[in-house]
Every structure is written in structure tokens, then in C-alpha cells.
Number of protein chains: 2
Amino acid sequence: MPKSVDVEEKRAEFVRASWDVIAAEGFEAATMRRVASEAGCTTGSLTHYFADRRSLLIEALRSAHFQAGERMGKVAEEGSPFERLHAVLLESLPLDSVRMREWKVWLAFWGASINDPAIASEDAKRYAEWRALLENLLTPLSQDPEHEADLIIALVDGLGIGLARAGFAGAALKRKQSECEAALNRYLGKFND
Amino acid sequence: MPKSVDVEEKRAEFVRASWDVIAAEGFEAATMRRVASEAGCTTGSLTHYFADRRSLLIEALRSAHFQAGERMGKVAEEGSPFERLHAVLLESLPLDSVRMREWKVWLAFWGASINDPAIASEDAKRYAEWRALLENLLTPLSQDPEHEADLIIALVDGLGIGLARAGFAGAALKRKQSECEAALNRYLGKFND
DNA sequence: CTTGACATATAACAAACGTAATATAACATA
DNA sequence: TATGTTATATTACGTTTGTTATATGTCAAG
């Protein structure tokens with residue numbers, strides 16, 4: 001007899017609203033009221049789906065990790081070993097608005113992870129998965145997949161942050177994105193000879 | 001006739017207190033009260049030296065940049081071209097507690113720069129200086145200093161964040177730091193043959 | 001329809017914030 | 001030592017926050 005809604009979809013809406021607020025206005029701006037209004041309702045509804053702010057934001061981070069992980073898995077399935085590696089690394093950079101939003105969310109959470117073990121732990125989990133995928137992809141390509149993964153992870157993190165950090169927009173952003181892609185390709189050249 | 005204190009030194013004390021709070025407890029924890037108490041006084045004294053929270057935190061960022069820049073300049077002055085590059089890049093990583101604090105502060109500010117143009121601008125300024133120094137150091141070593149600088153900046157950012165992001169401590173931290181140093185040396189090997 | 005459980009909105013609360021105003025303490029000069 | 005400016009502490013104010021409590025709305029089953 002009760003009114004029924006798709007609970008998981010409703011939670012996902014609030015998670016997406018959190019992403020939008022964090023990516024556009026920063027972590028501090030992601031208050032309960034702000035996220036609720038971004039989702040088009042009030043805190044009364046939001047608290048009905050998330051007990052408190054912390055659990056909302058942690059779910060937002062976990063969800064961003066999951067979404068990115070799904071995309072990585074997909075693009076890692078087809079092509080030659082080099083093509084797979086190349087596709088995964090390209091997919092990992094903030095080269096469109098969706099991935100840029102993800103990177104800004106991650107950047108915000110990295111800063112916030114300083115004193116929140118739950119956030120740091122969620123980050124560590126994702127990092128381990130990401131690293132395992134990379135090592136697999138590098139096994140047929142490198143004599144030292146572990147060390148090569150260290151370098152590539154750092155490179156991708158650095159390139160991504162270089163794009164997400166400052167407030168690039170429009171043509172300047174497009175140029176920066178092309179430079180990043182070129183830098184990645186230049187480094188990967190050593191696997192493609 | 002007035003009581004006189006060293007204004008610049010007093011401001012520096014508050015800046016250092018900001019660093020400690022941000023690095024240990026995150027950006028959000030750096031409230032006026034918290035920073036003042038970390039410095040051993042109350043907000044009354046803090047507001048006497050910094051008009052508001054924003055100017056305090058921006059000065060904290062600027063000061064961290066300046067301090068790191070001074071160190072970079074020093075270690076870039078002696079040795080062969082390769083030795084200079086190597087020394088500067090080693091100095092840029094969070095391999096001791098002072099530099100770790102700096103990196104955590106930067107990480108926190110990167111997240112906060114999303115919606116604060118002044119922070120983003122201060123970051124961009126520092127980035128330009130850092131890039132110029134690197135290009136100079138690379139000129140005698142690389143046929144393509146600009147592109148090489150792109151890669152190295154990304155690599156160092158990624159390595160530094162890998163150390164500063166998660167909550168490593170004790171032996172695990174030391175091991176991670178050694179791995180980072182090794183990864184850097186492995187990449188720089190191509191300049192040292 | 002009526003009903004009753006769930007969804008959502010509204011309202012209220014204490015706590016913490018940035019900031020400003022005010023009061024006290026300290027000290028260099030006269 | 002007396003004085004007056006500066007440094008610091010204390011207090012207070014208006015906002016905003018997370019959270020909780022209460023009221024209103026909504027819809028599927030009987």
C-alpha cells in the first residue's frame with residue numbers, strides 16, 4: 001500500500017548531484033542543503049536515503065570509482081596488448097566533461113582524505129584495482145610490469161591533475177587536453193616499436 | 001611607546017600553524033579558532049595579523065610555494081647538468097616530514113582551488129616557475145626540453161601524490177618513499193648514459 | 001473511496017563558523 | 001613611574017551547518 005520509488009535510482013540521483021556540486025564548487029560546498037537542492041528537493045528527502053553527510057559523500061566517491069572501473073574494464077577487452085593498454089590509459093584521462101567531473105571529484109576527495117580514514121581506505125581499494133589492471137596489461141609488453149606500472153600510474157595521475165587542477169576552459173582546455181594525450185603517446189612509444 | 005613585535009615573524013607563525021592543521025586534519029579543519037589555538041593564542045590575535053580566513057590561507061599557500069621554490073633554487077646551483085636535474089627532482093618529492101607537510105598542504109589546496117580563483121591563480125603562478133626551472137635544467141640534456149618537462153612534471157606530481165594521498169606511516173611510508181625515489185631514478189636513467 | 005505506509009517538505013535545534021566589537025594586558029618611550 | 005599605543009584576550013552577533021523532529025503529501029492495496 002505504500003508509495004514506492006526506485007530506491008537505488010533515487011540514491012544514484014543524489015550521488016550525481018553530489019558530483020556536480022563538488023566538481024563545480026568544491027568539497028566544502030557539498031552541504032546537505034546544497035546537494036538536495038541540486039537534486040531538486042529538500043534535505044528531508046535526502047536524509048531519508050542517506051543517514052548523514054559522510055555516508056552520502058563516501059557513497060559518491062565509491063560510485064565514481066565504480067563507474068570509472070566499469071569503463072576501464074570495457075575498453076581493456078579488445079585489441080592487441082598495446083592497443084588495450086593505450087585505450088585504458090586514454091580512457092583514464094579527463095578528456096571529456098564526464099571524466100573531468102570525475103577527476104575533480106577525486107581531487108576534492110584526496111584533499112579531504114587527509115583526516116578521514118574511510119575515504120583514504122576507499123581510495124586505497126580503488127588504487128589496488130587500478131594497479132592490478134595495469135600490471136595485467138603490461139605483462140605482455142614489459143619485462144618489468146611492476147615497476148612500469150609505478151611509473152605509468154604516476155604519469156597518468158600527474159597528467160590528469162594537470163588538467164583538472166587549474167580552471168582551464170574552452171579552447172585553452174582543448175589545447176591542454178591535446179598536449180596531455182600527446183605526452184602520453186610519446187611515453188607509450190617505447191612499447192610500440 | 002607601543003609594544004612592538006616582529007610582524008612578519010608573527011604572520012609566519014600563523015602560516016606555519018595553518019600548515020600543521022591542514023596537513024594533519026585537512027582544509028576544512030583550518031578554521032580561525034583552530035589555527036589560532038595551534039599557534040598558541042586566540043582569534044583576537046589572529047585577526048590582528050590576517051584580516052580574514054581567506055587571506056590567511058592564501059598566504060599559507062603562497063608561503064609554501066615560496067619556501068619550496070627557495071629550496072629548488074639552491075639545489076639547482078651545483079653539479080653537472082644531470083646532477084642538477086636529479087637533485088631538483090629529488091628535492092621536489094615528499095621524502096621527509098617537511099616536504100610531506102608541503103605536499104599535503106598542496107593537495108588540500110588543489111581540492112579547494114576548484115571554486116577559488118585566487119587559489120587557482122597562485123597555483124598557476126607557481127606551476128609556471130616550476131616549469132621554467134625544469135626547462136632550463138633540461139635544455140642541456142634533452143633535444144625536446146618542453147615536451148620532456150611535460151612528462152617530468154606529470155611524473156613528479158603523480159609520484160608525490162602517491163605518497164601524500166593515502167595515510168602511509170612508519171615502515172610502510174619509508175618503503176613507499178624508496179620505491180618513489182627508485183622510480184624517479186629509473187626514468188632519469190635515460191639522461192645518464 | 002478509504003486507509004495506511006512511505007516519500008517528501010517544513011520547521012526547529014544545538015553547535016560551530018567568520019567576523020566584529022570590546023576589554024584587558026604588555027611594553028617602549030617620555 | 002606614568003602614558004599611550006599596540007598586542008592579545010574575551011565576548012558577542014548573525015549565519016550556516018548537520019541533524020532531528022514533525023507535518024504534509026502521495027500512491028498502491030483493500
Side-chain angles (χ1 to χ4, degrees), chain A residues 1-22 24-61 108-109 111-119, chain B residues 1-18 20-22 24-61 108-109 111-112 114-119:
Chain A
M1 23 217 180
K3 173 179 178 181
S4 78
V5 304
D6 186 332
V7 174
E8 284 313 309
E9 172 53 27
K10 195 75 187 174
R11 284 172 61 96
E13 278 179 30
F14 285 122
V15 161
R16 278 192 293 269
S18 302
W19 291 347
D20 287 334
V21 172
I22 292 172
E25 304 163 35
F27 198 84
E28 291 181 289
T31 66
M32 296 291 273
R33 286 167 178 79
R34 183 72 191 84
V35 170
S37 99
E38 183 75 20
C41 49
T42 66
T43 63
S45 180
L46 178 49
T47 57
H48 191 270
Y49 293 93
F50 290 94
D52 50 26
R53 180 177 185 249
R54 228 176 85 95
S55 59
L56 165 66
L57 294 180
I58 288 180
E59 177 63 22
L61 175 60
F109 271 99
S113 77
I114 288 178
N115 66 339
D116 193 323
I119 294 179
Chain B
M1 25 210 171
K3 172 179 179 181
S4 79
V5 305
D6 185 333
V7 174
E8 284 312 310
E9 171 54 28
K10 196 74 188 173
R11 284 173 60 96
E13 278 178 29
F14 285 122
V15 161
R16 277 192 294 271
S18 303
D20 287 335
V21 173
I22 293 172
E25 302 163 35
F27 199 83
E28 292 181 290
T31 67
M32 296 292 273
R33 287 167 176 81
R34 183 73 192 82
V35 170
S37 100
E38 183 75 21
C41 50
T42 66
T43 63
S45 180
L46 179 48
T47 57
H48 189 24
Y49 293 93
F50 291 94
D52 51 27
R53 179 176 185 249
R54 228 176 85 94
S55 59
L56 165 66
L57 294 180
I58 287 178
E59 177 64 22
L61 176 59
F109 271 99
I114 288 179
N115 67 337
D116 193 323
I119 294 179

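Below, each value reflects all heavy atoms present in this structure, side chains not excepted, and no hydrogens, waters or symmetry copies.
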**Q** When you measure from every atom of DNA chain C, which of residues 46-59 of chain B have a heavy atom less than 4.0 Å away?
**A**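 Those residues are B/Asp52, B/Arg53.
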**Q** B/Met32 CE to D/dT11 P: how many Å, rounded?
**A**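 From B/Met32 CE to D/dT11 P: 19 Å.
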**Q** Answer yes or no: is there a donor N or O on one side and an acceptor on the other, between the side chain of B/Arg11 and the main chain of B/Tyr49, under 3.5 Å?
**A** yes
**Q** Nearest 0.5 Å, what's the CZ-OG1 distance between B/Phe14 and B/Thr47?
**A**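 So the gap between those two atoms works out to 8.5 Å.
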**Q** When rounded to the nearest 0.5 angstrom, what distance separates NZ in B/Lys10 from CD in B/Glu13?
**A** 5.0 Å
**Q** To the nearest 0.5 Å, tell me how far A/Ile22 CD1 sits from B/Ile114 CD1.
**A** 8.0 Å
**Q** Looking at CG of B/Asp116 and CD1 of B/Ile58, how far apart are the two atoms once the value is rounded to the nearest 0.5 Å?
**A**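 One finds 5.0 Å between CG of B/Asp116 and CD1 of B/Ile58.
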**Q** Can you give me every donor-acceptor pair (side chain of residues 38-46 of chain A, partner residue at least two apart or in another chain, under 3.5 Å) with its distance?
**A**
{"residue": "A/Glu38", "atom": "OE1", "partner": "A/Arg34", "partner atom": "NH1", "Å": "3.2"}
{"residue": "A/Glu38", "atom": "OE1", "partner": "A/Arg34", "partner atom": "NH2", "Å": "3.1"}

**Q** Measuring from B/Leu56:CG to B/Thr31:OG1, what's the distance to the nearest 0.5 Å?
**A**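 B/Leu56 atom CG to B/Thr31 atom OG1 measures 10.0 Å (nearest 0.5 Å).
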**Q** Where along residues 33-45 of chain B does a heavy atom fall under 4.0 Å from DNA chain D?
**A**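 The answer is B/Arg33, B/Cys41, B/Thr42, B/Gly44, B/Ser45.
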**Q** For the pair made of CD in B/Glu28 and C1' in C/dA16, what is the distance, rounded to whole Å?
**A**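 The answer, rounded to whole Å, is 13 Å.
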**Q** Do you know which two heavy atoms are closest between B/Arg53 and B/Phe27, and how far apart they sit?
**A**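 That would be NH2-O, 3.4 Å.
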**Q** Find the distance B/Glu9:CD to D/dA7:P and express it as a whole number of Å.
**A** 14 Å
**Q** Atom CG of B/Asp6 to atom P of D/dT6: distance rounded to whole Å?
**A** 16 Å
